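Structure first, then comments.
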Amino acid sequence: MPNIKSAKKRVLVNKAKAMQNKALRSALKTDIKKFDAAVAEGNRSEADVAYKAAVKAVDQAAAKGLLHRNNAANKKSGMTVKLNKLA
């Protein structure tokens with residue numbers, strides 16, 4: 001444990017941020033899984049709604065630094081391909 005006051009604060013802030021990042025990453029995974037489930041079910045209208053939510057979540061995660069922008073683009077591209085195969 002650090003002795004310096006500012007270092008103690010950094011430990012607390014880092015712990016709080018890590019918990020926030022973990023929650024956001026979990027929510028992102030949930031949105032992607034909902035989209036995958038809708039695609040697997042073959043329900044186009046449900047997949048469209050889930051696709052919009054998942055893409056928004058991926059973009060927000062990339063903006064916050066949870067995902068690298070290229071990784072986010074790769075995820076969105078893969079979801080788009082899956083959605084287009086339903087048609």
Side-chain angles (χ1 to χ4, degrees):
M1 190 70 188
N3 293 323
I4 298 169
K5 187 175 181 180
S6 61
K8 290 178 183 178
K9 181 179 177 184
R10 290 280 11 124
V11 168
L12 295 176
V13 170
N14 287 342
K15 190 181 296 185
K17 287 289 186 183
M19 290 172 61
Q20 287 175 354
N21 287 340
K22 188 173 185 177
L24 291 171
R25 197 173 295 117
S26 175
L28 171 67
K29 287 180 183 180
T30 300
D31 286 338
I32 293 172
K33 285 178 187 176
K34 285 180 184 176
F35 168 74
D36 287 337
V39 169
E41 194 175 287
N43 188 346
R44 177 66 188 214
S45 60
E46 191 178 314
D48 281 333
V49 174
Y51 172 78
K52 288 179 184 177
V55 166
K56 183 177 180 179
V58 168
D59 283 337
Q60 288 176 339
K64 290 183 179 181
L66 289 175
L67 294 176
H68 190 276
R69 66 179 189 274
N70 291 351
N71 185 264
N74 190 23
K75 285 186 187 306
K76 291 192 302 184
S77 175
M79 287 190 289
T80 304
V81 168
K82 286 180 185 178
L83 185 66
N84 289 338
K85 282 185 180 177
L86 277 181

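Quick caveat, the model's predicted, so the values are computed rather than measured.
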Using side-chain heavy atoms (C-beta onward) and a distance below 4.5 Å, is [X] in contact with [Y]?
X: Leu83; Y: Arg44; result: yes
X: Val55; Y: Phe35; result: no
X: Thr80; Y: Tyr51; result: yes

If I compare all heavy atoms of [X] with all of [Y], which pair ends up nearest, and what's the gap?
X: Leu86; Y: Ala47; result: CD1-CB, 3.8 Å
X: Asn3; Y: Lys8; result: O-CE, 3.7 Å
X: Lys82; Y: Asp36; result: NZ-OD1, 3.0 Å

task: Please check if the side chain of Ser77 supplies one atom and the backbone of Ala73 the other of a donor-acceptor pair under 3.5 Å.
output: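 Answer holds: no.
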query: Looking at Lys64, Lys75, Lys76, Arg69, which one forms a side chain to side chain donor-acceptor pair (under 3.5 Å) with Asp59?
result: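 The residue from Lys64, Lys75, Lys76, Arg69 that satisfies side chain to side chain donor-acceptor pair (under 3.5 Å) with Asp59 turns out to be Lys76.
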Spacing of [X] atom [atom1] and [Y] atom [atom2] [to the nearest 0.5 Å]:
X: Lys9; Y: Ser6; atom1: NZ; atom2: OG; answer: 9.0 Å
X: Met79; Y: Asp31; atom1: CE; atom2: CG; answer: 9.0 Å
X: Lys33; Y: Leu28; atom1: NZ; atom2: CG; answer: 10.5 Å

message: Tell me if the CG atom of Leu12 is crowded by more than 12 foreign heavy atoms within 6.0 Å.
response: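 Counting neighbours around CG of Leu12, more than 12 heavy atoms of other residues, nucleotides or ligands fall under 6.0 Å, so yes.
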